[in-house]
Number of protein chains: 2
Amino acid sequence: MPSAPAHTQRRKQRAAVFKALGHPARLQIVEELADGERCVCELVDLVGLGWSAVSRHLSVLKAAGILDDEKRGLQVYYRLALPCVKSFTACLDAARRGEAVEVRRCCG
Amino acid sequence: MPSAPAHTQRRKQRAAVFKALGHPARLQIVEELADGERCVCELVDLVGLGWSAVSRHLSVLKAAGILDDEKRGLQVYYRLALPCVKSFTACLDAARRGEAVEVRRCCG
DNA sequence: TGACTATTTCGCATTTCTGCGAAACAGATC
DNA sequence: GATCTGTTTCGCAGAAATGCGAAATAGTCA
C-alpha cells in the first residue's frame, strides 16, 4: 500500500463534510435550508453576518457537497444536497436527550 | 431573552460534534472504534501520530459526546458512544457514489 | 516505598480559520 | 453602453487548532 491509500483520500473527503458542518453559522445555514431553498440575501439576514462571511460559508458547504446552488434571475439560490444531514442532527438531539439511540436505516 | 438564546447554545453543541469529526485523524479514530473498543496505545499505532496528539484528539471526541472511556487495569479504553455516526458516514459514501439517498429512519 | 507503565497536560511554533470592508464581477434594466 | 443589484473574491488582523517534546499524573507491581 502506498503512502496515500484510497482510505486516506476518502477519509479526507468525509472529514471535509464534517468540518464544513462544524461551525455554528454553517450549521444554522443548513438548518434554514432544511425547510427549502433560500437566496443569499435571505441567509445574510437569518445568520446575522456580513455578505462576505456568508458567501464564504456557503462556498465551503458547497465544496463539501452539502449544498447545491442555482442562479435564477438576479439571485443565487442554495438548497440542501444531502438530506441525511437532517436525520443525523435529529439523532444527535435524541442522544443528547438521553433517548435510546437505535440505528435502523439512514439511507436507502 | 439575553444575547445567547437556547437555539444558539444547542447549535453550538451540535457544531462541536461535527467539528470534532471534521479532522482526518479523529475520523479515523471513530472508524477504528466502530468495530469495538480500543486502548490508547492501539490507537497511537493505528493513527500514526504521537501520544500527545492522539490523547488530545480523544479528549476532543469525548468532550463532544462521541466517545466514552473507561479505565481498566493499566489502560484506558475508548468506545463509540454515538452509533449513528456509522450510518451517517455510510450515507455520505452512498451519496458520493451517486446512489439515491433516501432517508428513512436514522434513529429509533 | 520506589521504579515502571500508560496516559494526560503544558508550552511553543506553525498553520489554518474567521469576519470585516473594499474591490471585482455578472446579469438585468434603462 | 451606463448603471444598479446581488454575489463573490481579495487582503488583512485577530483567534483558534495542530503536532511535537518535555513534564506531570495515576495506577500497578516488585
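Sequence lines set the chain letters: A, B, ... in the order given, protein chains first and strands last, and positions in each chain run from 1.
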Going 5' to 3' along nucleotides 17-30 of chain D, which nucleotides have protein heavy atoms under 4.0 Å from the base (write B), which only from the sugar-phosphate (write S), and which from neither (write -)?
-> SBBBB-----SS--
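- Across the protein-nucleic acid pair, I29(A) atom CD1 and dT18(C) atom P stand 11 Å apart, rounded to whole Å.
- Residue pairs meeting the ring pair (Phe, Tyr, Trp, His ring centres under 6.0 Å) criterion with at least one partner in residues 28-62 of chain A, sequence neighbours excluded, are H23(A)-H57(A).
- For A16(B), there are no side chain to side chain contact (heavy atoms under 4.5 Å, CB included) partners at least two apart in sequence or on another chain.
- In this structure, the CG atom of L61(A) is 12 Å from the P atom of dT8(D), given to the nearest Å.
- Residue E70(B) contributes atom CD, which lies 13 Å from atom P of dT7(C) at whole-angstrom precision.
- Whole-Å rounding puts the R38(A) CZ to dG6(D) C1' distance at 17 Å.
- Residue L27(A) contributes atom CG, which lies 18 Å from atom P of dC17(C) at whole-angstrom precision.
- Within the nucleic acid shown, Y77(A) has no heavy atom closer than 4.0 Å to any nucleic acid atom.
- Contact annotation: Y78(A) side-chain N/O to dG6(D) OP1/OP2 distance is not under 4.0 Å.
- Atom-to-atom, CH2 of W51(A) to P of dA23(C) comes out at 18 Å; the value is rounded to the nearest Å.
- For L46(A), the side chain to side chain contact (heavy atoms under 4.5 Å, CB included) partners are E32(A), R38(A), L43(A), not counting sequence neighbours.
- Atom pair D69(B):CG and dA6(C):C1' shows a separation of 13 Å (rounding to whole Å applied).
- Distance check: H7(A) NE2 to R14(A) CZ gives 9.0 Å after rounding to the nearest 0.5 Å.
- Every side chain to side chain contact (heavy atoms under 4.5 Å, CB included) that V76(A) has, sequence neighbours left out, goes to V40(A), D69(A), K71(A), Y78(A).
- Residues passing the ring pair (Phe, Tyr, Trp, His ring centres under 6.0 Å) test with F18(B), sequence neighbours excluded: F88(A).
- The interatomic distance linking L43(A) (CG) with dG6(D) (P) rounds to 14 Å, in whole Å.
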